[in-house]
Q: 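I have a structure I would like to understand better, so I am pasting it below and will then ask my questions one at a time.
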Number of protein chains: 2
Amino acid sequence: MTGSVTAQPSLTVGDLARASGVAPSAVRFYETHGLLTSERTPGNQRRFREPDVCRAKIIRVAQRVGLSVAEIRGILAELPTDPSLHDWQHLATRIATEANYRIQQLRRVLEDITSGQKLCELPPDDRTP
Amino acid sequence: MTGSVTAQPSLTVGDLARASGVAPSAVRFYETHGLLTSERTPGNQRRFREPDVCRAKIIRVAQRVGLSVAEIRGILAELPTDPSLHDWQHLATRIATEANYRIQQLRRVLEDITSGQKLCELPPDDRTP
DNA sequence: CTAGAAGTTCAACAATGGTTGAAGTCAAGC
DNA sequence: GCTTGACTTCAACCATTGTTGAACTTCTAG
């Protein structure tokens with residue numbers, strides 16, 4: 001029933017690095033920290049699969065949002081090995097939510113800053129009338 | 001003409017730490033990295049002055065905005081030793097500008113994320129019609 | 001004057017996010 | 001079958017932002 005299986009293309013570290021724009025050393029780093037997963041050839045070389053290209057790109061996006069590697073591992077852990085369109089969208093929503101949260105936080109700081117004296121009560125004028 | 005000089009109060013590391021909510025070790029760290037300046041007693045102990053309390057608090061605010069120690073050193077370097085109200089306001093504006101910039105950046109990421117396929121082109125559906 | 005609190009320096013450690021280099025192995029084309 | 005490029009692991013190193021502890025000194029109150 002599985003017509004023309006297409007032999008799921010597998011990518012070497014270098015392939016994934018080129019495809020995702022992430023350095024090979026970073027790819028390995030992400031793997032040892034559980035953000036990416038690979039299978040191994042009989043010769044112990046990593047082989048990644050297509051969705052990992054997307055995963056790798058998303059790691060970078062998530063980092064721009066300010067998420068730590070640990071946090072990214074957490075949200076990527078919820079992504080199935082072979083994600084559906086919906087899975088990807090859910091992930092995007094998760095990250096977008098985080099981004100919005102960080103924006104809120106920054107806005108709060110901004111308010112503290114611009115609300116005048118809250119930044120720091122100024123030293124009293126020494127010429128007390 | 002300088003009536004009642006009021007002997008400019010000077011603060012120890014501990015005083016500054018308590019007044020600003022920054023740990024003594026952090027105060028020393030900031031001093032060695034040029035964010036804070038002190039004079040020394042004949043016995044080599046640091047003595048800070050009032051405006052340093054404000055400086056220390058501002059360092060924390062700037063960090064919440066996402067500025068690095070090096071960046072904060074840069075903007076604090078422009079602040080006079082004994083800042084006027086205007087100087088503080090200028091500083092606040094500088095930091096607020098940075099905060100707005102970071103917010104813009106985050107919004108851009110957010111757009112990339114929410115604009116669907118830009119996050120990462122999804123793998124083509126295997127049931128090509 | 002002296003005890004104790006608080007200060008000093010310096011080095012080491014920690015977590016985060018990787019990069020770099022050494023030494024060795026695998027895979028692919030000719 | 002051999003060469004060459006790409007892969008492997010591991011340890012060391014980098015920058016950043018501090019904290020902690022040891023060993024020693026200073027300050028202040030009684």
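Within every chain, numbering begins at 1; the chains are lettered A, B, ... in the order of the sequence lines, protein sequences first and strands thereafter.
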Q: So, does A:Thr12 get its side chain near the phosphate of D:dC7, meaning an N or O under 4.0 Å from OP1 or OP2?
A: yes
Q: Salt bridge or not for B:Arg46 and B:Glu39, using N-O below 4.0 Å?
A: no
Q: Looking at every non-hydrogen atom in both residues, tell me the closest pair between B:His33 and B:Arg73 and how far apart they are.
A: O-NH1, 2.9 Å
Q: Have a look at B:Arg46 and say if it touches a base, only the backbone sugar-phosphate, or nothing, with a 4.0 Å heavy-atom cut-off.
A: sugar-phosphate
Q: May I ask you to verify if any side-chain N or O of B:Ser25 is less than 4.0 angstrom from the OP1 or OP2 atom of D:dG18?
A: no
Q: So, for B:Arg102 and A:Leu106, which heavy atoms are closest and what is the spacing to 0.1 Å?
A: CB-CD1, 3.7 Å
Q: Rounded to whole Å, how long is the line connecting atom CD of B:Glu39 with atom P of D:dT26?
A: 19 Å
Q: Output the rounded distance in Å from CZ (A:Arg40) to P (C:dA27).
A: 12 Å
Q: Could you tell me the separation between the CD atom of A:Gln63 and the C1' atom of D:dT16, rounded to a whole number of Å?
A: 15 Å
Q: I need the CG-P distance between B:Leu11 and D:dC27, as an integer number of Å.
A: 16 Å
Q: On DNA chain C, nearest-nucleotide positions of A:Pro24 versus B:Gly43: which is more 5'?
A: B:Gly43
Q: May I ask you to verify if any side-chain N or O of B:Arg28 is less than 4.0 angstrom from the OP1 or OP2 atom of C:dT9?
A: no
Q: Mind checking if B:Arg18 touches a base, just sugar-phosphate, or nothing, with heavy atoms under 4.0 Å?
A: nothing
Q: Distance check needed: C:dT25 P versus A:Asn44 CG, whole Å only.
A: 12 Å
Q: If you take all heavy atoms of B:Arg49 and B:Thr81, which pair is closest and at what distance?
A: NH2-CG2, 3.3 Å
Q: Without decimals, in angstroms, what is the distance between A:Leu35 CG and C:dG18 P?
A: 9 Å
Q: Contact class for B:Arg73 vs. all strands (heavy atom < 4.0 Å): base, sugar-phosphate, or nothing?
A: nothing
Q: Would a 4.5 Å heavy-atom cut-off, applied to side chains only, mark B:Val53 and B:Phe48 as touching?
A: no
Q: By nearest heavy atom, map B:Val69 and A:Asp15 onto DNA chain D; which one lands nearer the 5' end?
A: A:Asp15
Q: Rounded to whole angstroms, how far apart are CZ on B:Phe29 and P on D:dA15?
A: 13 Å
Q: Counting only side-chain N and O atoms of A:Tyr30, is one of them less than 4.0 Å from OP1 or OP2 of C:dG17?
A: no
Q: Could you pick out which residue, A:Leu67 or A:Pro42, lies toward the 5' side of DNA chain C when each is mapped onto its nearest nucleotide?
A: A:Leu67
